[in-house]
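Let me begin by presenting the structure, written as structure tokens, before commenting on it.
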Amino acid sequence: MSLENFESFFALIDCNNFYVSCERLFNPSLLNKPVVVLSNNDGCIIARSNEAKALGVKMGAPYFQIRGYLERNGAVVISSNYEIYEDISKRFINIIRSKICFVEAYSIDEAFIELKGILKKKRFEFCKELKDEIYRLIGIPVSIGIGKTKTLAKVANKIAKKQKDLNGVFDITNNEEEILKNFEVKDIWGIGKSKSNYLKNIGIQNALELSMIDDSFAKKSLSIKGLTTVLELRGIKCINLQEERPKQKEIIVSRSFGLDVDNFKSLRESVSYFAIAAVNNMRSLDLYAKTLFVFITSNPFKENFCSYQKEVNFDFYTQDVFLILNAAEDCLNDIFKCNVNYKKAGVILKNLSTRQAALGNLFTSLEDENTYNLMRSIDLLNKKIKKDAVFFAVEGVDKIWQARKDHKIAKRASEIDII
DNA sequence: TCTGGGGTCCTAGGACCC
DNA sequence: TCTGGGGTCCTAGGACCC
């Protein structure tokens, strides 16, 4: 048997209209209807059912601009509920892991797998069975694209999604050239708006043309990433499967406000709330931060946009919520200006390190033991009673800055009982 | 009235040094 | 008259992803 039969291939498994599909699990009446899911603050469209796509609803469209159109067409509008989506995402990944070892959980609704040790003629069959199994166990429809490289698997996935007669699985290797010739440059993974505009201007319209450009020209005009894309389109493997998630480099918690905020008190409450959320996230990852970054901005879609920010470095790596809260407040004190309508604020924890690496620092004083014990107790209470049963007074109670979520269908992750 | 949030990586350009 | 040339490090901002 030739080696070619054992050549390693990639497949990309992508959940169809993931957030909409999740909502449909709880509410089957949403089936066969145009459904959209909104981003935080009910700002933009971030997921569309096929029926909504057929109405011409664009990804990322501001909701207020198309609200009337959606209403007239009987579309169902839902505020996003990430807790649920994350829970279902974990189940999705677990099913894949139970079928194959080489898995990269790429995003909340996508996974790459490497088809190693699977015979060429069995590849397609394996993916088809995987797709059926995912649907059988969690009720989420997926599409699977197969290719020699991750970039080609991405292309194949788009074809699998678009061409209904393929039943959701497509292997691009059978007619690669033809597919690439009809695949627009702007739809290629790694080619964004800026690069696709540039390529259009120099007369490169499709993926096949892009795959044939000169290497050094690609690097010079599209940067190293662009060259990688070009090579991958040619079937040269440059991007490996990342089975282990690389250590996170920063943690961001930021929100747009439901209303404009001009008073220091509300702003301080929001920044405190974000700082605590960021620290909680960091603690759950068992990381420590050396740098804190705080920012506040006005509405970027209005005139006189302004943005203020400040960064502070701690003397040591820390997880101490009190230290970080105080520092965040100090930052805000320094950057706050009166007579500005603030629309958004955020906190970033940077310079993250594991406990072990942090301890390697001569000047480390990781945390006060009392703080550590207190935080553990709060975690336990919130887990036992309910989320946010215990919270810090600085977060405020009324939270007038909080985002709108007018279309939320109330439910909790515990209601999910599919498997 | 109303336009998300959370990430990573790359590059250009300034500062500094020899 | 004539204004080097590298190297390194850092950072802000852009580009891209989902």
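Scope of the values below: all heavy atoms of this structure, side chains included, with no hydrogens, waters or symmetry mates. Numbers restart at 1 for each chain; the letters A, B, ... are given by sequence-line order, proteins then strands.
Note on A/Gln248: only backbone sugar-phosphate atoms sit closer than 4.0 angstrom, heavy atoms only; bases stay farther off. Among the heavy atoms of the strands lying under 4.0 Å from A/Asp109 are primed sugar atoms or P, OP1, OP2 only; no base atom is included. At the heavy-atom level, A/Asn281 lies under 4.0 Å from the strands shown only through sugar-phosphate atoms. Looking at heavy-atom distances under 4.0 Å, A/Ile191 makes contact with sugar-phosphate atoms alone, never a base. Counting any heavy atom pair closer than 4.0 Å across all strands shown, A/Ile251 reaches sugar-phosphate atoms only and no base atom. A/Ile348 comes within contact range of no nucleotide atom at all, as no heavy-atom separation falls under 4.0 Å.
Judged by a 6.0 Å distance limit and a 45° cone about the ring axis, A/Arg355 is not positioned over the six-membered ring of A/Tyr288. Relative to the six-membered ring of A/Phe112, A/Lys150 meets both conditions, a distance below 6.0 Å and an angle of at most 45° to the axis. Relative to the six-membered ring of A/Phe314, A/Lys290 misses at least one condition, a distance below 6.0 Å or an angle of at most 45° to the axis.
The stretch residues 51-63 of chain A has no heavy atom under 4.0 Å from DNA chain C, so no residue of it qualifies as close. Taking every heavy atom of residues 217-228 of chain A and every atom of DNA chain B, pairs under 4.0 Å involve A/Ser223, A/Ile224, A/Lys225, by number. Only A/Tyr106, listed by number, bring a heavy atom of residues 96-106 of chain A to less than 4.0 angstrom from any atom of DNA chain C.
Look at A/Lys343 and you'll find a side-chain N or O under 4.0 angstrom from OP1 or OP2 of B/dT3. Regarding contacts with the backbone of B/dG6, a side-chain N or O of A/Ser254 is found under 4.0 angstrom from either OP1 or OP2.
Summarising the geometry, the separation between CG on A/Asn280 and C1' on B/dG6 is reported as 17 Å, rounded to the nearest angstrom. In this structure, NZ of A/Lys154 is placed 9 Å from P of C/dC17, rounded to the nearest angstrom. The distance between atom CG of A/Asn157 and atom P of C/dC17, rounded to the nearest whole Å, is 15 Å. The separation between A/Asn41 atom CG and B/dG6 atom P is 12 Å, rounded to whole Å. The distance between atom CG of A/Asn81 and atom C1' of B/dG4, rounded to the nearest whole Å, is 15 Å. Following rounding to the nearest Å, A/Leu38 (CG) and B/dG4 (P) show an atom-to-atom distance of 11 Å. Between the P atom of C/dC18 and the CD1 atom of A/Ile45 lies a distance of 19 Å, rounded to the nearest Å. As a whole-Å value, the separation of A/Tyr19 OH from C/dC18 P is 12 Å.
With no hydrogens or angles considered, no side-chain donor-acceptor pair links A/Asp286 and A/Ser284 at under 3.5 Å. Checked by atom type, the side-chain pair A/Glu86/A/Ser89 shows no donor-acceptor distance below 3.5 Å. Defined by atom type and a distance below 3.5 Å, a donor-acceptor pair is missing between the side-chain atoms of A/Asn182 and A/Asn206. Defined by atom type and a distance below 3.5 Å, a donor-acceptor pair is present between the side-chain atoms of A/Asn16 and A/Ser143. Side-chain contact of A/Asn27 with A/Ser29: a donor-acceptor pair under 3.5 Å is present, judged by distance alone. A donor-acceptor contact closer than 3.5 angstrom is absent between the side chains of A/Thr354 and A/Gln356. Judged purely by distance below 3.5 Å, without hydrogens or angles, the side chains of A/Asn341 and A/Ser298 never pair a donor atom with an acceptor atom. When only modelled atom types and interatomic distance are considered, A/Asn167 and A/Lys128 share no side-chain donor-acceptor pair under 3.5 Å.
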Show me the protein contacts with nucleotides 7-15 of chain C, counting only N or O atoms at under 3.5 Å.
none

In a table with atom names and distances, give each donor-acceptor pair under 3.5 Å that connects a side chain of residues 305-313 of chain A to protein atoms at least two apart or in another chain.
unit_1   : atom_1 : unit_2   : atom_2 : d
A/Ser307 : OG     : A/Gln309 : OE1    : 3.1
A/Lys310 : NZ     : A/Asp334 : OD2    : 2.5
A/Glu311 : OE1    : A/Lys350 : NZ     : 3.0
A/Asn313 : OD1    : A/Thr291 : OG1    : 2.6

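Between the A/Glu104 side chain and the A/Ile113 main chain, no donor and acceptor come within less than 3.5 Å of each other.
Of all nucleotides listed (B/dG6, B/dC2, B/dG4), B/dG4 comes nearest to the side chain of A/Ile46.
Aromatic pair A/Phe336/A/Tyr342: ring centres closer than 6.0 Å. Aromatic rings of A/Trp189 and A/Phe183 (six-membered ring for Trp) have centroids beyond the 6.0 Å cut-off, not under it.
Residue A/Lys302 is the one, among A/Lys302 and A/Ser256, whose nearest nucleotide of DNA chain B lies closer to the 5' end (criterion: closest heavy atom).
Proximity of A/Phe264 to A/Leu332: side-chain heavy atoms (C-beta onward) are separated by under 4.5 Å at one or more points.
Ring geometry, A/Phe293 versus A/Phe295: the interplanar angle falls from 30° to 60°, so the pair is classed tilted.
Between A/Arg91 and A/Asp87, at least one side-chain N (NZ, or NE/NH1/NH2) sits under 4.0 Å from a carboxylate O, which counts as a salt bridge.
Secondary structure note: stems in DNA chain C built from 3 or more consecutive Watson-Crick or G-U wobble pairs under 3.5 Å occupy B:5-18 with C:5-18.
Spacing of C1' atoms, C/dG4 relative to B/dC17, comes out at 14 Å, to the nearest Å.
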